Every structure is written in structure tokens, then in C-alpha cells.
Amino acid sequence: MAEAQDKQDAQDPQAGQDAQDKPIKQRKNGLYPAVSDELAAVMKSGWADTERTGLQPLPQASYAAARRAALSARFPGERIVVPAGNLRTRSNDTEYPFRASTEYVHLTGDQTQDAVLVLEPLAGGGHEATAYLLPRSNRENGEFWLDGQGELWVGRRNSLTEAEQLLGLPCKDVRKAADELREATGPVRVVRGHDAGIEAALTDKVTAERDAELKTFLSELRLIKDEFEVGELQKACDSTARGFEDVVKVLDRAEATSERYIEGTFFLRARVEGNDVGYGSICAAGPHATTLHWVRNDGPVRSGDLLLLDAGVETDSLYTADVTRTLPISGTFTPLQRTVYDAVYEAQQAGIQAVKPGAAYRDFHEAAQRVLAEKLVEWGLVEGPVERVLELALQRRWTLHGTGHMLGLDVHDCAQARTEAYVDCTLEPGMVLTVEPGLYFQADDLTVPEEYRGIGVRIEDDILVTEDGNRNLSAGLPRTSGDVEAWMAALRS
Ligand code: GLY
Ligand code: MN
Ligand code: MN
């Protein structure tokens, strides 16, 4: 690692100029003398031509084109700018892993950093879409081996010609994009929050309100998943199921270490079969299960307790699953754990049955909440009648969160959609949502008998609305208490 200490970014005005006369950001190599003219000359030549030809379009290219057509129709005569986003520095020359913006990925299928999609309005109507991308590194000026983002350091990029074949749309050098956008006239909207440089170039031309309308439209454009997206979400769920199996097989090692062993085990599956986890895995053993977003995952794993595992693999195309199972670490539920688990299962069943075309989006939440309220009244934890509990939402002390959300490229997908298009919508075929009721008895909740305290149960599945009902994309994992026990026993035998 001695070499790594030398790789500190330094803005060096002497470092050279790329084809667009922008300074290259040279890595400082303290152990080496300055680059001699002879070395610079040697590094320019002797490299094979690796240009690829005859590339097939990405499988999602035609779907992305259809989405761009919808965007074009919604904003006639306006220039639309959709950045992928930039690297974020963690420290010095170390960056956080890059994940392209959801809007950009949805509209292009591409995932490269610094990229920008521009829809340019055409005089005769419609738009021409162009992907502005980082091209291959310049070898003439040394960028490819001296720049911190040069290909010699970070890997080969697609040439613009290769990218055109893969994405099915014209590609240009992104280093020209800000200047071109600054000089362009006419109405323009940009998706904010991803690329400060591009936003700065447009600052005099855009308004927050109009840009918010664009973001809302793109969020709503993702409400109905096409065939490609459903296939990717199925892959995400299938990989996730394998990740849950991996975890069950190593629960003894987690008991010997901590929740981190579970997190690491699931992450291995996510990285091998997909791109990443779609959100921070919640590996919550014992009373941690009552903390909704327990991602510290640093607690003990003890036989006799429950493990609430909420985790999802994100595919290489960036679609994520969002699945929760609550497992008895010993392999067998205690009687009270089973009672609570079975109640949540019953609520989830009621919720899933309410997912069908023509139903109100809220129906699945209300169906699940009714079951949970009934159970809480039956157990004497809240005073009935059930209608009063529901009207005052008193069950929420223990159910805490909404029963689900849209799922897709983002775990909480379509989050900028308008209320009327999302929570007040009618379900349509192609929507994918989670159904995830839970009951959570906090360790310090004095309103419930002591034996309930520290029990948290959630069951979460990813449900596709079909023409005649729904399909559970995460049905590869067991859900009933008996099936969970049998599945765990088989995996550990
Ligand atoms: N994993 C976060 C959620 O279930 O919404
Ligand atoms: Mn969820
Ligand atoms: Mn979840």
C-alpha cells in the first residue's frame, strides 16, 4: 500500500490540458521525480487500438427510448437536462461508491459518472436525445495515466462510438455540456440534486417550481414497470432469496460474532450476483428488531431471540428487492413469538389479497392494519372496539409505519409522485409495491406485558399487480411460521 499514500489529488496547472482545454487533475506521486519529457513521450505510444465494433444495444435500450418519448411528449419545445451525478469524495483521493441517479438510469440504461442526458427540442416538434459522456482518456496529454480519473487508474471507459451502439442514442463529450447549456436559449428544465456544475450552468434559466414538475413527472413515469423492469425485479428477488438462505446457513457464526456477520454474508451475495444492496441491510436481532431502521448491525445474535432481516439485492441494472423475514434464531419460535408472527402473517395475507387492479392503493394498508388492530384488541393491549382503534389509529403505537411503498430502481421508488398519482391512486397492472406489516413492542414499553417487550416482527414481500390480481415476486422465501421453521431446518441440516 506504499503506493497508495502517494496518490493524493492535486490540482496542478502544469499538468497538461485535455482536448477541451480543461486542466487534468493530476495525481501527486511524491516518490517519483516530475514527469520527464522522455517519460511523457514514452507513455503516449505503444498502445493497441481496443475500439470495439458491432456492439448490440443494451437489453433496456428500447425501453429507455420509450420512456424518453413519453418525456418528450410531456414537455414539448423545452430542453430537458438529466444528470447522472458526480463522484463524492470521502477523503483525499478516495471516493464513495458511485451510483448514477435513478432518473438518468431509467431514461438511458447507462450508469456512468458525470454523464448528462439532454433532450433538445426540434423545430418540427419532438426532441433529439443526446447522452453526454466522459470519453476515453486522452493519451496525447497524459490524462489517461496522470489524471485521478484517467483510465489507467479507474479502468477503461466506453468510447463515445461504443456507447452510441450500446445505448442506441447519439453520444457527445460531456466536457462540452456545461458550456453548450450555458449558451443555449429557450426554456429548459433540469433534474436537480445530482450535478452542481450542470446546475450552475443553468442557474439563470431554470426555476425551482418547473424543475420540481420535471422530477415529479419522472417519478410518476416509473409507477408502471415494463416487462424489462419486472424481469429485473424478479432477478433481484431471486438473488435476495439466495442471500437469505446464505444467512440462515451461517447463523451459528453470527451467534459467535455479531449482527455484522449477517450483514456481510448478505452483502457477499449482493455483490456477486448484483451491483450492491439496494439500501442498508437491517440485521436486527433480539430487541433491535423493534428499531425500524436498525443498520448499525453491531449487536449480539442470541439463540431464543428473533432475527428481523430486511435486505435486498440490487441488480446490475440497479433494480432492488426489498424483503423482510423474521426468523427464530434457534430455528423454532417460542409460543409468544409465534403468536405475534402469525398475527403479522395474517395481516400481510390480508394486505396482499387487497393488491389487484382497480383497488385503491390504500386498500392493502387498511386491510393489514385492521387485522393488526383486531389482534391488539384480542390480546388486551389496547381497548376496543376495533373501529375506535382504527379511527384513532391507536394501533400505530405498535405498527409504526405504513404497510408498503412502490419499489423499483429506488427502494422507495416514485417518491416525488403527486399524492393523487401515488397514495390516492388506483392500482394498475405493472405497479410493484411492498406489503410489509409489522408489530413492534419496544423493550421499554410499559403498556404491554413484560413478555412482549423486545419482540419485533415484520414480513415484507414485493408484489407485482397483474391483469387479474397479483404475483408475489419474493415468493421464493417461506412466509408462514411453520414453513419458515421447516426451511431453516432444511438449510441447517
Ligand atoms: N427496507 C426499508 C423498507 O422496508 O421500507
Ligand atoms: Mn419496504
Ligand atoms: Mn424493507
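Just so you know, ligand 1 is whichever comes first in the structure, and atom 1 is the first atom listed for that ligand. This is a predicted model, so every value here is computed, not measured.
For the residue pair S474 and D461, a side-chain donor N or O sits within less than 3.5 Å of a side-chain acceptor on the partner. At a cut-off of 3.5 Å, with distance as the only test, a side-chain donor of D342 or S481 sits close to an acceptor on the other residue. In summary, the side chains of Q442 and T290 do present a donor paired with an acceptor at a separation below 3.5 Å, with no hydrogens or angles considered. One side chain, D410 or T102, offers a donor N or O that lies under 3.5 Å from an acceptor on the other.
Between the OD2 atom of D310 and the OE1 atom of E460, the angle taken at the Mn ion (ligand 3) works out to 100° after rounding to 10°. Here the Mn ion (ligand 2) is the vertex; the NE2 atom in H405 and the OD2 atom in D322 give an angle of 90° (to 10°).
Residue contact annotation: V411 has no non-hydrogen atom under 4.0 Å from ligand 1. Within the 4.0 Å heavy-atom cutoff, H401 does not count among the residues contacting ligand 1.
The aromatic rings of H293 and H412 sit tilted, their planes meeting at an angle between 30° and 60°.
Atoms of ligand 1 found under 4.0 Å from any heavy atom of E460 (numbered from 1 in listed order, with element): 4 (O). Ligand-side atoms of ligand 1 in range of H412: 2 (C), 3 (C), 5 (O), range being under 4.0 angstrom from any heavy atom. Interface of Y279 with ligand 1, defined as ligand atoms under 4.0 Å from a residue heavy atom, comprises 1 (N).
Taking only nitrogen or oxygen atoms, main chain and side chain alike, E436 reaches within less than 3.5 Å of ligand 1.
The nearest heavy-atom contact from the protein to atom 3 (C) of ligand 1 is D322 OD2, 3.4 Å.
Test L307, L491, L309 against V248 for side chain to side chain contact (heavy atoms under 4.5 Å, CB included) and you get one pass: L491.
Of the charged side-chain nitrogens involved, none lies within less than 4.0 Å of a carboxylate oxygen, so that R192 and E199 do not count as a salt-bridged pair.
Residue contacts to the Mn ion (ligand 3): E436 brings no N, O or S atom closer than 2.8 Å.
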